[in-house]
Amino acid sequence: MRQKLIVGNWKMHGSRVQVRQLIQDIETGTTGLSDKVEIGVSPTFLHLGLASELCDSGRIKLAAQNLYSEPKGAFTGEVAAPMLAEYGVSYVLVGHSERREIFAESDQLVAAKFKAAQESGLIPILCLGESLTQREQGASEEVVVAQLDAVMSTAGIASLQFAVLAYEPIWAIGTGKTASPEQAQRIHQVLREHIAKSDAGIAKSLRIIYGGSVNAANAAELFSQADIDGGLVGGASLEAKEFVSICKSAD
Ligand code: PEP
């Protein structure tokens, strides 16, 4: 049985006051949830120190939104995996579509970041997803499989034992348009079947979470699909009540 994972991606939002309040409210609101569900929050780099102190019970896991592929060096403005590990970070988003699109991250860089995360003991949450045009062309399955293969050819199939996949159709991120449970389930199943061709055991245990306008109203149905193991939640994770309700629907 795969444990559900719900991670709030706070993107470039929040002040110290808001981060403190949000974590306290999530902590209180999710007390009593069973261990069927694991909860994570992903504040900005600047707020990780504060968040790490507030999450010291370990019940809410910390996720970083990004990292650089090198462990140290002259890379002005970047943050390395060992630095994140020092702050108690457990997960790190890799290849989020906003990084791929706005910051032109290539499959090669995404793969290097994925490896760098694992080398420091962090669990990469590898984001995969097609654009609206690609969906309209019927290319969704092909696109996400190619994105996964680009990372697997560098990191190897065994690396998926220590990773999470997030299917995030770009047309559903921050748009209020959610993939239907059937559309999302189909892609999750395709990814799992693709991995099973190389390693059935890893395919069975790997968590594949869904992201794209998840909210309190649609979460339960999405999470009840056979291959959907939780959610990566953007906008709705900035409201404690809404996020807590999403977490509860995974329990
Ligand atoms: C995201 O940014 O990962 C995301 C899923 O955002 P939203 O929930 O706002 O669509």
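The analysis underlying the following values was restricted to heavy atoms, covering all of them including side chains, and did not include hydrogens, waters or symmetry mates. Residues take their numbers from the sequence shown, with the count starting at 1. Both counts, for ligands and for their atoms, begin at 1 and track the order of listing.
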Taking distance alone, no hydrogens or angles, what donor-acceptor pairs closer than 3.5 Å link side-chain atoms of residues 42-50 to residues at least two apart or in another chain?
residue : atom : partner : partner atom : Å
Ser42   : OG   : Ala63   : O            : 3.0
Thr44   : OG1  : Leu46   : N            : 3.4
Thr44   : OG1  : His47   : N            : 3.3
Thr44   : OG1  : His47   : ND1          : 3.0

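Numbered from 1 in the order shown, with element, the atoms of ligand 1 that lie under 4.0 Å from a heavy atom of Gly212 read 5 (C), 10 (O). Listed by number with element, the atoms of ligand 1 under 4.0 Å from a non-hydrogen atom of Leu232 are 3 (O), 5 (C). Listed by atom number, the atoms of ligand 1 under 4.0 Å from Ala172 heavy atoms are 10 (O). Atoms of ligand 1 found under 4.0 Å from any heavy atom of Asn9 (numbered from 1 in listed order, with element): 1 (C), 2 (O), 3 (O). Atom numbering of ligand 1 starts at 1 in the shown order; those under 4.0 Å from a heavy atom of Gly174 are 7 (P), 9 (O), 10 (O). Atoms of ligand 1 found under 4.0 Å from any heavy atom of Ser213, numbered from 1 in the order shown, are 7 (P), 8 (O), 10 (O).
Classification of the Tyr167-His188 ring pair by plane angle, with boundaries at 30° and 60°, yields perpendicular.
Regarding atom 8 (O) of ligand 1, its nearest protein heavy-atom neighbour is Gly234 N, 2.8 Å. The protein heavy-atom contact nearest to atom 2 (O) of ligand 1 is Lys11 NZ, 2.6 Å. Distance from atom 9 (O) of ligand 1 to its nearest protein heavy atom, with residue and atom name: Gly235 N, 2.8 Å. For atom 3 (O) of ligand 1, the closest non-hydrogen atom on the protein side is Glu168 OE2, 2.7 Å. Taking atom 1 (C) of ligand 1 as the reference point, the nearest protein heavy-atom neighbour is His96 NE2, 3.3 Å.
Hydrophobic clustering (side-chain heavy atoms under 4.5 Å, transitive across Ile, Leu, Val, Met, Phe, Trp, Tyr) groups Leu191 together with Phe114.
Separation of atoms CD (Glu130) and CD (Glu136) is listed at 10.5 Å; rounding is to 0.5 Å.
Judged purely by atom type and a 3.5 angstrom limit, Gln118 has no side-chain atom pairing as donor or acceptor with the backbone of Lys115.
Ser131 and Gln134 share a side-chain donor-acceptor pair at under 3.5 Å.
Salt bridge Glu38/Lys61: present, at least one basic N to carboxylate O contact under 4.0 Å.
Other members of the cluster containing Leu232 are Leu5, Val7, Tyr91, Leu93, Ile123, Ile125, Val164, Ile209, with ILVMFWY side chains joined at under 4.5 Å, either directly or via other members.
In this structure, Ala236 does not count as a contact residue of ligand 1, since none of its heavy atoms falls inside 4.0 Å of the ligand.
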